[in-house]
Peer 1: 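A single structure is presented below for examination.
Ligands are counted one by one from 1 in listed order, and the atoms in each one are counted from 1 as well.
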Amino acid sequence: MTESTTPAASQALPKTIAFIGGGNMAQALLGGLLASGADSTALRVSDPSPACREALAALGSFAIFEDNAAAIDGAEAVVLAVKPQMLGAILTALAPVLTAQPVTPFVLSIAAGIDCASLLHWSGGVPVVRAMPNTPALLRSGATALFATPGVSPAQRAQAEALMAMAGTTYWLEEEGDLAAVTAASGSGPAYFFRLMECMIDAAVAQGLTPALARALVTETALGAARMATAPGADPAALRAAVTSPGGTTAAALEAFEATGFAPMVKKAMAAAAHRADTLAEELGVPSAARAHHQGDEA
Ligand SMILES: NC(=O)c1ccc[n+]([C@@H]2O[C@H](COP(=O)([O-])OP(=O)(O)OC[C@H]3O[C@@H](n4cnc5c(N)ncnc54)[C@H](OP(=O)(O)O)[C@@H]3O)[C@@H](O)[C@H]2O)c1
């Protein structure tokens with residue numbers, strides 16, 4: 001079950017935030033933080049790539065490190081913004097620094113497929129929040145679901161929410177297991193819409209439109225439809241019905257969609273995404289014995 005929230009006020013932000021990994025997502029969040037007037041002296045980022053550090057320096061005047069341990073010293077929140085495959089080694093190396101801080105920071109992981117039991121195991125048991133953002137976060141139009149382990153305080157929950165609100169809207173989950181469905185809906189979701197756009201553009205070109213016109217019409221239609229569907233009180237089914245006159249062109253198209261098994265196909269595709277999210281946790285996380293050990297920390 002989920003509890004939806006509105007973007008949190010920037011006043012709730014952690015006093016000092018360290019980003020481990022300064023790539024796309026970190027830069028999106030940092031851009032949002034700077035745009036919302038966050039104190040740049042409170043922001044730190046570490047990344048081993050000189051090119052990435054150069055890109056970060058162009059974003060603003062916050063502290064940039066090559067060394068992860070130096071970046072987290074004194075941080076109230078540590079955002080793990082590295083690829084999931086690297087997270088175990090990076091967090092294990094940081095655990096002694098995290099646990100030795102006078103005030104224990106919380107860790108916010110945005111890595112896909114790494115469960116809280118693994119994060120707790122690698123971090124030495126510091127409070128852990130998991131977040132699943134999506135690509136529109138790069139334009140601060142993302143949708144992020146969050147899950148907090150019981151060790152996370154109400155103040156830290158508010159801080160995690162305020163931080164992810166820099167990437168768009170935020171929603172708290174009560175069950176970590178729901179993150180697989182979130183991954184299937186919003187995490188992977190942008191690609192489904194991109195695929196539909198590709199197919200519509202190809203079909204419009206096949207019907208005689210130029211590629212440029214087909215692309216403009218299809219992408220602007222997607223944007224307009226998304227704006228209508230996200231208006232307060234809007235219902236996609238009602239919006240569809242309102243533009244579908246009996247015997248009309250839209251009805252002809254939608255009948256053809258359903259004749260090809262559109263709804264079951266979408267259900268099957270999202271089930272595949274959720275299943276992959278679950279198997280990723282097993283492939284990239286700690287072995288099941290260590291996971292079971294930390295299940296108690298989450299209960
Ligand atoms: N992008 C999205 O839309 C999206 C959506 C949901 C979740 N996520 C999650 O967000 C996380 C970050 O994704 P991203 O797209 O921002 O990836 P990214 O652009 O590749 O950024 C990761 C950064 O971490 C750096 N890095 C590598 N090893 C490191 C180390 N030992 N210490 C510190 N930094 C290190 C990488 O440097 P190099 O390039 O030199 O390796 C890179 O600059 C991933 O776990 C992903 O699953 C992303």
Side-chain angles (χ1 to χ4, degrees), residues 17-33 43-59 62-73 75 78-95 97-98 107-116 118-119 122-123 128-147 160 163-171 173 178-194 273-274 276-281 283-285:
I17 308 166
F19 288 84
I20 305 301
N24 292 316
M25 288 303 290
Q27 289 183 31
L29 289 167
L30 281 161
L33 285 163
L43 306 175
R44 296 117 174 260
V45 196
S46 62
D47 198 292
S49 151
C52 182
R53 292 201 300 277
E54 212 170 291
L56 288 163
L59 268 184
F62 42 79
I64 302 169
F65 299 82
E66 188 177 353
D67 176 35
N68 293 337
I72 67 170
D73 193 28
V78 175
V79 183
L80 302 169
V82 293
K83 293 290 184 204
Q85 298 85 333
M86 299 172 166
L87 197 46
I90 291 172
L91 194 48
T92 302
L94 288 178
V97 190
L98 285 169
V107 155
L108 171 61
S109 168
I110 59 169
I114 304 284
D115 60 13
C116 289
S118 299
L119 295 163
W122 292 325
S123 68
V128 162
V129 177
R130 260 185 89 183
M132 172 48 63
N134 61 5
T135 310
L138 304 177
L139 304 177
R140 285 171 225 142
S141 294
T144 298
L146 297 126
F147 174 78
L163 230 167
M164 291 315 298
M166 297 298 146
T169 54
T170 57
Y171 303 87
L173 300 179
D178 286 344
L179 274 166
V182 166
T183 306
S186 55
S188 301
Y192 315 156
F193 291 109
F194 297 144
R276 184 65 189 129
D278 282 334
T279 56
L280 266 179
E283 281 172 29
L284 301 175

Peer 1: Quick one: does Ala137 get within less than 4.0 Å of ligand 1, heavy atoms only?
Peer 2: no
Peer 1: Return the residue, atom name and 0.1 Å-rounded distance of the protein heavy atom closest to atom 47 (O) of ligand 1.
Peer 2: Ala112 N, 3.2 Å
Peer 1: Given Gly22, Ala55, Ala81, which one has a non-hydrogen atom that is nearest to atom 22 (C) of ligand 1?
Peer 2: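 That would be Ala81.
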Peer 1: Might you point out which heavy atoms bring Arg53 and Phe65 nearest each other, and give the distance in Å?
Peer 2: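 Looking at all heavy atoms of both residues, the closest pair is CD-O, 3.6 Å.
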Peer 1: Show me the pairs that pass salt bridge (charged side-chain N to carboxylate O under 4.0 Å, His left out) and involve residues 135-144, at least two apart or across chains.
Peer 2: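 Every pair satisfying salt bridge (charged side-chain N to carboxylate O under 4.0 Å, His left out) with a residue in residues 135-144: there are none.
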Peer 1: How long is the straight-line distance from CG of Asp47 back to CG of Asp67, given to the nearest 0.5 Å?
Peer 2: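 Result: 12.0 Å between the selected atoms.
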Peer 1: Does Asn24 approach ligand 1 within less than 4.0 angstrom via side chain, backbone, both or neither, non-hydrogen atoms only?
Peer 2: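 For Asn24, backbone and side-chain atoms both sit under 4.0 Å from ligand 1.
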Peer 1: Tell me, which protein residue and heavy-atom name are nearest atom 6 (C) of ligand 1, and how many Å apart are they?
Peer 2: Pro133 O, 3.2 Å
Peer 1: Do you know which two heavy atoms are closest between Met25 and Pro133, and how far apart they sit?
Peer 2: CE-CG, 3.3 Å
Peer 1: Counting non-hydrogen protein atoms only, what is the nearest one to atom 38 (P) of ligand 1? Give residue, atom name and distance.
Peer 2: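 Atom 38 (P) of ligand 1 sits closest to the protein heavy atom Ser49 CB, 4.4 Å.
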Peer 1: Less than 4.5 Å apart, any side-chain heavy atom of Trp122 and any of Ile90?
Peer 2: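 When only atoms from C-beta onward are counted, Ile90 and Trp122 do not touch, as no gap falls below 4.5 Å.
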Peer 1: What protein heavy atom sits nearest atom 27 (C) of ligand 1, and how far off is it?
Peer 2: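 Ranking protein heavy atoms by distance from atom 27 (C) of ligand 1, first comes Met86 SD, 3.5 Å.
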Peer 1: Identify the protein heavy atom lying closest to atom 9 (C) of ligand 1, giving its residue, its atom name and the separation to 0.1 Å.
Peer 2: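 Atom 9 (C) of ligand 1 sits closest to the protein heavy atom Ile110 O, 3.1 Å.
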Peer 1: Work out whether the distance between some heavy atom of Pro84 and some atom of ligand 1 is less than 4.0 Å.
Peer 2: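 Yes, that is the case, since the closest heavy atom of the residue is under 4.0 Å from the ligand.
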Peer 1: Looking only at N/O atoms, are Met25 and ligand 1 under 3.5 Å apart anywhere?
Peer 2: yes
Peer 1: Below 4.0 angstrom from a heavy atom of Ile90, which ligand 1 atoms are there? Numbered from 1 as shown, please.
Peer 2: 29 (C), 30 (C), 31 (N), 32 (N)
Peer 1: List ligand 1 atoms under 4.0 Å from Thr135, heavy atoms only on the residue side.
Peer 2: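 By the 4.0 Å cutoff, the relevant atoms are 3 (O).
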Peer 1: Looking only at non-hydrogen atoms, find the nearest pair between Ala184 and Ser188 and report the distance.
Peer 2: O-CB, 4.4 Å
Peer 1: Can you report which non-hydrogen protein atom sits closest to atom 17 (O) of ligand 1, along with the distance?
Peer 2: Lys83 NZ, 3.3 Å
Peer 1: Can you give me the closest heavy-atom contact between Phe62 and Leu43, atom names plus distance?
Peer 2: CB-O, 3.3 Å
Peer 1: Might you point out which heavy atoms bring Gly142 and Asn134 nearest each other, and give the distance in Å?
Peer 2: CA-OD1, 3.2 Å
Peer 1: Name the closest protein heavy atom to atom 32 (N) of ligand 1, giving the residue it belongs to and the distance to 0.1 Å.
Peer 2: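 The closest one turns out to be Asn68 ND2, 3.0 Å.
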Peer 1: Heavy atom to atom 42 (C) of ligand 1, shortest distance: which of Leu94, Thr183, Asp47, Asp67 holds it?
Peer 2: Asp47
Peer 1: Run down the list Pro48, Pro136, Ser109 and name the one with the heavy atom closest to atom 35 (C) of ligand 1.
Peer 2: Pro48
Peer 1: So if I count the atoms of ligand 1 from 1 in the order they appear, which ones are less than 4.0 Å from some heavy atom of Cys52?
Peer 2: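 Answer, ordered by atom number: 43 (O).
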Peer 1: For the side chain to side chain contact (heavy atoms under 4.5 Å, CB included) test, which of Ile20, Leu284, Thr92, Leu80 pairs with Leu87?
Peer 2: Leu80
Peer 1: Nearest heavy-atom pair of Arg130 and Asp115: which atoms, and what distance?
Peer 2: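 Answer, listing the atom of Arg130 first, then Asp115: NH1-CA, 3.4 Å.
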Peer 1: Report the distance from atom CG of Leu163 to atom CG of Leu33, rounding to the nearest 0.5 Å.
Peer 2: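 Spacing of CG (Leu163) from CG (Leu33) equals 5.5 Å.
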Peer 1: Distance to 0.1 Å, residue and atom name: give those for the protein heavy atom nearest to atom 44 (C) of ligand 1.
Peer 2: Val82 O, 3.2 Å
